[in-house]
Peer 1: 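The following block contains the structure, expressed as structure tokens.
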Amino acid sequence: MKKRVWIGLLVLFLVALLATGQLLYPKYMDKPYEGALTGEYYDNAGYSDLMIIGDCEVYENISPVTLWRDWGISSYIRGSAQQLVWQSYYLLEDALRLETPKVVLFSVLAMMYDKPQNEAYNRLTLDGMRFTRTKWDAIQASKTPEESVASYYWPLLRFHERWQDIKKEDFQYYFTRRQVGINGFMMRSDILPVGWIREPDRQQNYQFGDNAYAYLDKITALCKEKGIQLVLFKAPSLSPPWFDEWDAQMVDYAKKHDLLYINALAEQKTIGLDFAVDTYDAGLHLNRQGAEKMAHYLGEVLTRESALPDRRDDPAYTAAWQPKLAAYDAMRDAQEKEIQESGAVQTFLVPEVD
């Protein structure tokens, strides 16, 4: 009898710990919203002919809805803030457990980093991953010396000091959360034109690091193994700088591995971008209008250079995309109304559409 009581008490204790940990775990329903992007993928997996991986240069610069509407390309952005090359690799490996896209597009700006950078950014990318061996490997590759692997699996070890910061939202979103992205795209419809851009500091060494190249090789090999076309991509963002020496390395890498490399930064006029109206933060990222132009151009190139099918006549795909289109339009309309009324965007969570 005593044994059963102790077992029961132990089970209750573990349940209480798990419940408390979930309460303390950041919900990312407020800034930084980007932390919710990784976990949102799992409810959308299965219709990604084009998988886009990378940092804010993809999740704020490419509109999957435009790719669908203009070209019938069914895409998803597995993006996160300051997503490092090894994190892109493991997020791709994670996605391939659930589906196999025909094309993977990788944002090459991440090549500028060769070592783990920052715990806060690591968690924005890794917190939302499901608990698999892939997540374990991603944590091991990403953690800084000060971080504990256990804290990624046991939130109380990291977030015990959040008691004083508990808000209504922590209870409201305990079981379910709102979306922050539409197929991985975070929308901003406001405008802040480019002003003066300072000349970038010259680098002592422009060579990308061995670790970054090692994981780019792993992405290349994984795509080849799965029969996926890999495309390298540089977004048209004006900052941070993209040096000619960096670009030359990606040109050489693409040539060596027979890959398509799209440098959208060099194609601004062809894309039709106007940084007086197509950015919301003075050229770091595109706004919705700019992201739609970028997506239209990207769709044109990929339709010509890859085997991506037009799915607009496929009933299963059109049914999957219908609620996404409605949510996109509702968010666009809400943001535009806010801009007209107050001059600022207030809507960052995707509106719930019946």
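Below, each value reflects all heavy atoms present in this structure, side chains not excepted, and no hydrogens, waters or symmetry copies.
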Peer 1: For Glu57, which residues count as a salt bridge (charged side-chain N to carboxylate O under 4.0 Å, His left out) partner, sequence neighbours excluded?
Peer 2: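 Residues passing salt bridge (charged side-chain N to carboxylate O under 4.0 Å, His left out) with Glu57: Lys234.
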Peer 1: Identify whether the distance between the nearest side-chain nitrogen and carboxylate oxygen of Asp329 and Arg332 falls below 4.0 Å.
Peer 2: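 Judged by the 4.0 Å cut-off on N to carboxylate O distance, Asp329 and Arg332 do form a salt bridge.
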Peer 1: When you check the gap from the basic side-chain N to the acidic O, do Asp137 and Arg133 get nearer than 4.0 Å?
Peer 2: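 Between Arg133 and Asp137 there is a salt bridge, with a charged N closer than 4.0 Å to a carboxylate O.
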Peer 1: Please list, chain by chain and in numerical order, all residues satisfying side-chain contact (heavy atoms from CB on, under 4.5 Å) with Ala334, sequence neighbours excluded.
Peer 2: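 By the side-chain contact (heavy atoms from CB on, under 4.5 Å) rule, Ala334 matches Thr347.
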Peer 1: Partners of Ser74 by side-chain hydrogen bond (donor to acceptor under 3.5 Å, both in side chains), sequence neighbours excluded?
Peer 2: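 Testing Ser74 for side-chain hydrogen bond (donor to acceptor under 3.5 Å, both in side chains), a comparison that skips the adjacent residues, returns Trp321.
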Peer 1: If I take atom CG from residue Asp217 and atom NE2 from residue His257, how far apart are they, to the nearest 0.5 angstrom?
Peer 2: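 Answer rounded to 0.5 Å: 5.0 Å.
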Peer 1: Got a sec, which pairs hit salt bridge (Lys or Arg N to Asp or Glu O under 4.0 Å) with one end in residues 238-251, sequence neighbours left out?
Peer 2: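 Pairs touching residues 238-251 that pass the test: Arg202-Glu245.
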Peer 1: Can you sort out the partners of Ser306 under side-chain hydrogen bond (donor to acceptor under 3.5 Å, both in side chains), two or more places apart, ordered by chain and number?
Peer 2: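 Scan of Ser306 (side-chain hydrogen bond (donor to acceptor under 3.5 Å, both in side chains), adjacent residues dropped) gives none.
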Peer 1: Heavy atoms only: give me the nearest Tyr42-Leu98 pair and the separation to one decimal.
Peer 2: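 The answer is CD2-CD1, 3.8 Å.
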Peer 1: Under the side-chain contact (heavy atoms from CB on, under 4.5 Å) test, which residues partner Glu99, sequence neighbours left out?
Peer 2: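 Listed in chain order: Tyr41, Ala45, Ser48, Met51.
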Peer 1: State, without any angle test, whether Tyr215 and Tyr90 hold a side-chain donor-acceptor pair at a distance under 3.5 Å.
Peer 2: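 Present: a donor and an acceptor within the cut-off.
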Peer 1: In Å, rounded to the nearest 0.5 Å, how long is the span from CG of Asp55 to CD of Glu34?
Peer 2: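 Atom-to-atom, Asp55:CG and Glu34:CD are 11.0 Å apart.
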